[in-house]
Amino acid sequence: MNAQYFVSPNKIRAKFSQALSSMYQKEVPLYGTLLELVAETNRQVLHEDAALAHRLQTTGEINRLTMERHGAIRVGTAKELKNLRRLFNVMGMSPVGYYDLTTAGVPVHSTAFRAVHETDLQVSPFRVFTSLLRLELIENETLRTLAQQLLSRRNIFTERVLELIILHETQGGLKTSQAQEFVTQALETFRWHSLATVSASEYQQLNAQHRLVADIVAFKGPHINHLTPRTLDIDRVQSAMPGRGIIPKAIIEGPPARNCPILLRQTSFKALEEDVAFIEPNGHQVAGHHTARFGEIEQRGVALTPKGRLLYDRLLQATNDQLQVPATESNASQYYQLLNDNFRAFPDDYDSLREQQLAWFRYFPTERGLAAKDTLDKHCTLEQLIVLDYIRFQPLVYEDFLPVSAAGIFRSNLGNAHHTQYEQTSSRAAFEHALETEVIDEIELYQQTQQRSLQTCAQALGLRMLDTLLI
Ligand code: OOG
Ligand code: NI
């Protein structure tokens, strides 16, 4: 069948993320309150900063501002992870990056399912941080067996969504009505189930092992545990949260506020205690509570090269070493002070970030450059073309996650009771084995996007030697 009959995966992704957002707002009303706060703050910022408003208008981003940028789920088995990969593939999302959270005392490893090409990201940047429980880290054998049994008994996908996935794989796409049905059916995997699959005492044992184990194992499916819209001013939203009855986590994760934002800053409200019911062996239901779901906000900046990332990791590590204890509400201002001081060593203008090869950029030919095309010296270097204002550059936005930040988000939602130290660490090979494919290296994606933009410049300016344009 011809590809033109099929709905673009980008469209399916955009529709799915909208449907997920509506469902989550109904399930967690406080998340709706957070969305309102974010929308209001974005409006204020745009009102105060006309240049920013203009920029967002010209790029069309203004219309997508409050659209969610990411969500997260946690699954229990290799099979669940593999089938999620197939499900996300229908929406044009591939596994990018490997995150080992065990070093931070969280018994999972993760990837981000997302679009990989800049034109697809432009349509919908929606991504899902997806974690796989590392069952082998449960030391108590009885409990591990219980967890395994519970997981092997459940099926987190509807029969119909599995059929549609196969249809997509065999015919190469989905037609309109199939795509609509896919969105409705796929949503079921992410839905909240307040009736647990375990008894109250089993829940307590799983929870005592690790709150995350109970969250992943004791329910029918991997409920979406948060969604994350983009804010134009994360500091402002963080401080306005309590006024709306939202309790924020202690600190904003990631780099400090800067003129030229780098990577990703994020914060969340603390997970809510929700009513659930446990099911006793005699079939009776017992009322109880479970704490897992929350809302998050993010602000993204330029993606860093490996060199830039090393510098970022070093400065963040230095901050945490100097603080000596974990950052909490009581030492938050000291933490920010140290963070700001340390990050003075990170250049804060785009020229330096580019010249020192700390960040990735996209290059664009200017009107002036295009007008000069025929008279251009064919041996011009990229730097000369920039000086001549024939080529300009824009920061390439970071599309991924940060392990230290992710651990901070996890931890703030797991209570402070867990300071587990795991002997085993990174097991990327096992993760990829479960996924039945390798995860994509995010650095390669940024490099390719930058390189594509350079090639487009070269073509537009009639230059043959693309390589000379490499920085
Ligand atoms: C995922 C936490 C990590 C982020 O934005 O870094 C995360 C989870 O709680 O399942 O979402
Ligand atoms: Ni998140």
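The basis for the numbers below is simple: all heavy atoms, side chains too, and nothing from hydrogens, waters or symmetry mates. Order of appearance sets the numbers: ligands from 1, and atoms from 1 within every ligand.
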Original post:
In chain order, what residues pass the ring-ring contact (aromatic ring centres under 6.0 Å, His included) check against F410, with sequence neighbours excluded?
Top reply: none
Subject >> E139 atom CD, over 12 foreign heavy atoms within 6.0 Å >> reply: no
Original post:
What distance separates Q25 CD from L34 CG, expressed to the nearest 0.5 Å?
Top reply: 10.0 Å
**OP:** State, with a plain yes or no, whether a side-chain heavy atom of F126 is found less than 4.5 Å away from one of L227.
**Re:** yes
Subject >> side-chain hydrogen bond (donor to acceptor under 3.5 Å, both in side chains) involving R154 - partner list, sequence neighbours excluded >> reply: E80
**OP:** For F219 and W192, run ring-ring contact (aromatic ring centres under 6.0 Å, His included): C-alpha distance rounded to whole Å, both residues' side-chain angles, the deciding distance at 0.1 Å, then the answer.
**Re:** CA-CA 9 Å; F219 296 90; W192 172 247; 5.8 Å; yes
One line per pair, note the atom names and distance for all nitrogen or oxygen contacts under 3.5 Å between ligand 1 and the protein.
from	atom 1	to	atom 2	distance (Å)
ligand 1	5 (O)	H70	NE2	3.0
ligand 1	5 (O)	Q266	NE2	2.8
ligand 1	5 (O)	E296	OE1	3.4
ligand 1	5 (O)	E296	OE2	3.1
ligand 1	6 (O)	Q266	NE2	3.4
ligand 1	9 (O)	R74	NH2	2.7
ligand 1	10 (O)	R74	NE	2.8
ligand 1	10 (O)	R74	NH2	3.4
ligand 1	10 (O)	N225	ND2	3.0
ligand 1	11 (O)	H226	NE2	2.9

Subject >> Side-chain heavy atoms of F157 within contact of Q185, under 4.5 Å >> reply: no
**OP:** Please confirm whether R354 makes a cation-pi placement over F393, using NZ or CZ under 6.0 Å from the six-membered ring centre and within 45° of the ring normal.
**Re:** yes
Subject >> Qualifying residue, where the test is ring-ring contact (aromatic ring centres under 6.0 Å, His included) with F401 and the options are Y98, F113, F129 >> reply: F129
Subject >> Protein N, O or S atoms lying under 2.8 Å from the Ni ion (ligand 2), listed by chain and number >> reply: H70 NE2, H226 NE2, E296 OE1
